[in-house]
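Please read all numbers here as calculations on a predicted model, not as lab measurements. Each chain gets a letter, A, B and so on, in the order the sequences are listed, and its residues count up from 1.
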Number of protein chains: 2
Amino acid sequence: MLGAIEAGGTKFVCAVGDEDFKIIERVSFATTYPEETLQRVFDFFDTYPQVKAIGIGSFGPIEVNKQSQKYGYITSTPKTNWRNFNFLGEMKKQYSIPIGWTTDVNAACLGEYKVGSAADDHSCIYLTVGTGIGGGAIVKGEIIEGFGHTEMGHIIIRSHPDDDFDGFCPYHKNCLEGLAAGPSIEKRYGIKAENLDANHKIWEILAYYLAQALVNYTLILRPEKIILGGGVMNQVRMMDLVKKEFSFLLADYVETPDLDAYIVTPSLRDNAGITGGLILARQAL
Amino acid sequence: MLGAIEAGGTKFVCAVGDEDFKIIERVSFATTYPEETLQRVFDFFDTYPQVKAIGIGSFGPIEVNKQSQKYGYITSTPKTNWRNFNFLGEMKKQYSIPIGWTTDVNAACLGEYKVGSAADDHSCIYLTVGTGIGGGAIVKGEIIEGFGHTEMGHIIIRSHPDDDFDGFCPYHKNCLEGLAAGPSIEKRYGIKAENLDANHKIWEILAYYLAQALVNYTLILRPEKIILGGGVMNQVRMMDLVKKEFSFLLADYVETPDLDAYIVTPSLRDNAGITGGLILARQAL
Ligand SMILES: Nc1ncnc2c1ncn2[C@@H]1O[C@H](COP(=O)(O)OP(=O)(O)O)[C@@H](O)[C@H]1O
Ligand SMILES: Nc1ncnc2c1ncn2[C@@H]1O[C@H](COP(=O)(O)OP(=O)(O)O)[C@@H](O)[C@H]1O
Ligand SMILES: [Zn+2]
Ligand SMILES: [Zn+2]
């Protein structure tokens with residue numbers, strides 16, 4: 001039996017699954033203080049002593065560099081209670097089994113890569129467009145990381161000529177996340193994204209931003225698949241608008257798979273991250 | 001003994017080297033017609049029957065997907081004589097030894113990764129800023145590629161407010177290459193880049209473009225090193241200007257190695273590509 005934690009900034013999911021990465025049981029609870037939240041994690045896994053390894057996909061930024069003293073820590077998160085928290089260390093104190101460690105989006109990417117939308121591919125990108133924008137990439141089975149984990153949501157893009165919003169990223173203002181994450185809608189119009197009319201012109205503008213990001217990811221990584229998740233992708237026209245803009249911006253410069261097979265939704269849906277956690281657990285063995 | 005070919009659009013370099021990737025002999029000649037040029041390649045390697053494998057780093061676009069019927073071809077290059085040329089196939093007809101195949105910039109990246117500026121790193125990017133802009137990336141020893149090879153020079157960036165040049169990329173106009181490759185200077189000012197004053201404001205503008213690219217590469221790949229080569233980097237102030245802009249644009253959002261150790265020149269200089277070819281030959285064995 002394998003264990004997994006999807007540690008999000010607003011909620012935690014814990015699950016146990018079998019060797020085929022099928023979820024056997026899953027629980028979910030709010031993210032509060034580290035001690036309290038970890039206690040609930042322990043309460044769950046203590047009932048499964050047969051778990052052989054656990055995989056954690058965590059919100060961040062986190063330290064993924066094994067050479068670092070801070071490996072396994074959540075580092076400079078805006079959630080002050082969790083800043084500098086030795087998440088992996090606390091888990092290892094409690095359980096003397098192998099524990100895998102990566103970002104929430106890398107875990108989701110791994111889930112989709114192994115048993116989801118990219119199960120037949122050798123490379124993929126997973127991008128979530130929600131409260132923030134984050135992404136993970138896998139090439140030839142390896143999670144792309146180096147000096148640290150990726151931060152694909154903060155890349156530099158061009159502003160749309162019809163968009164006079166300055167962007168809300170505290171670091172960069174008008175990076176991709178600053179211009180196109182869900183909260184940008186409320187900051188522009190004072191109304192939640194899900195309540196804005198489906199024909200509002202902002203959806204084309206957001207698609208233009210997302211498509212620029214996908215063009216840059218495509219040119220820099222040449223993945224076989226791009227998987228788009230997160231709340232904003234629930235907007236009915238968004239997927240089609242993104243594909244249309246992508247095609248226009250790439251201008252056929254490089255070949256991609258047919259767009260309907262290239263830019264897709266996560267087939268594991270809300271279970272991408274936790275499934276990735278199970279896979280990470282397996283890999284830690 | 002190992003063999004290598006650096007196949008450029010204007011000149012070819014052929015070399016033989018030892019198992020430590022030291023060059024024993026190297027020749028160079030103009031790129032003319034495929035048959036004529038290949039004959040000169042054969043003339044060189046025919047004198048070295050002891051060569052056990054050859055590595056080719058070629059100008060492109062080329063087909064690198066082993067599943068493709070066109071694997072080993074130069075594909076849609078603007079050099080019409082070379083379009084649809086089965087480079088690897090012609091080489092294999094002549095020599096029945098293992099032959100490695102990748103892009104010129106991937107080969108240069110491999111050279112720098114194994115025995116050059118990134119020899120102590122686990123990941124790096126090599127970017128050449130010359131007549132065009134091209135790049136290669138290696139993460140955990142693997143060349144980053146998927147549906148095809150990367151085209152990092154054509155990413156979307158923001159235009160500088162003081163730059164009214166439209167860009168000269170035939171596909172995208174104002175992509176990175178369209179705005180910042182060497183010929184953009186001549187198209188702006190009617191004077192070759194190397195003849196323009198070192199204090200001209202355009203160097204700051206070019207640095208702004210290159211820095212944007214490096215920020216995006218950094219966020220998408222988190223490499224341990226970025227190596228900048230190509231004619232434009234000979235401009236005396238360019239390296240410092242790029243680092244300054246990079247630091248400003250990244251806004252300390254993610255950690256990188258110290259900038260003087262992170263953004264560097266190729267220590268193999270003009271031999272990065274051909275050395276990478278020797279390494280590719282070794283890997284093909
Ligand atoms: N139908 C919708 N259209 C556009 N935006 C939506 C829609 N549904 C939710 N959102 C936005 O998605 C964001 C939440 O994304 P989600 O992925 O669910 O959460 P998180 O990123 O916090 O994990 C919010 O900004 C919300 O306004
Ligand atoms: N000192 C310099 N400053 C700026 N640009 C330069 C300088 N020297 C050469 N260049 C430019 O570099 C380009 C050639 O780059 P190079 O890397 O040598 O060739 P290629 O890309 O064809 O392999 C030309 O556009 C040239 O004008
Ligand atoms: Zn940002
Ligand atoms: Zn271009």
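Of the residues considered (B:Pro61, B:Gly148, B:Gly135), B:Gly148 shows the highest number of contacts with chain A, using heavy-atom pairs under 4.5 Å. Of the listed residues (A:Ile144, A:Ile125, A:Ile155, A:Val254), the greatest number of heavy-atom pairs within a distance under 4.5 Å of chain B belongs to A:Ile155. For chain B, the option among A:Asp252, A:Ile143, A:Thr75 with the highest count of heavy-atom pairs below 4.5 Å is A:Ile143. Chain A forms more heavy-atom pairs under 4.5 Å with one residue of B:Glu142, B:Glu145, B:His154 than with any other, namely B:His154. Among the candidates A:Cys175, A:Gly153, A:Gly146, A:Cys169, the residue making the largest number of heavy-atom pairs closer than 4.5 Å to chain B is A:Gly146. Taking chain A as the reference chain and counting heavy-atom pairs below 4.5 Å, the highest number among B:Lys140, B:Met152, B:Glu255 is found for B:Lys140.
Using a 4.5 Å cut-off between heavy atoms, B:Asn174 touches chain A through backbone and side chain atoms alike. Contacts of A:Leu250 with chain B are made by backbone atoms alone, with heavy-atom separations under 4.5 Å and no side-chain atom involved. Contacts between B:His172 and chain A at a heavy-atom distance below 4.5 Å involve the side chain alone, from C-beta outward. For B:Pro170, no part sits under 4.5 Å from any heavy atom of chain A, backbone or side chain. For A:Thr256, the part lying under 4.5 angstrom from a heavy atom of chain B is the backbone only. Heavy atoms closer than 4.5 Å to chain A are found in both the backbone and the side chain of B:Ala251. Of the two parts of B:Ser123, only the side chain, counted from C-beta on, holds a non-hydrogen atom closer than 4.5 Å to a non-hydrogen atom of chain A.
Of residues 208-227 of chain A, those residues lying under 4.5 Å from chain B by any heavy-atom pair are A:Gln212, A:Val215, A:Asn216, A:Tyr217, A:Leu219, A:Ile220, A:Leu221, A:Arg222, A:Pro223, A:Glu224. The contact list for residues 156-166 of chain B toward chain A, using heavy atoms and a distance under 4.5 Å, reads B:Ile156, B:Ile157, B:Arg158 by residue number.
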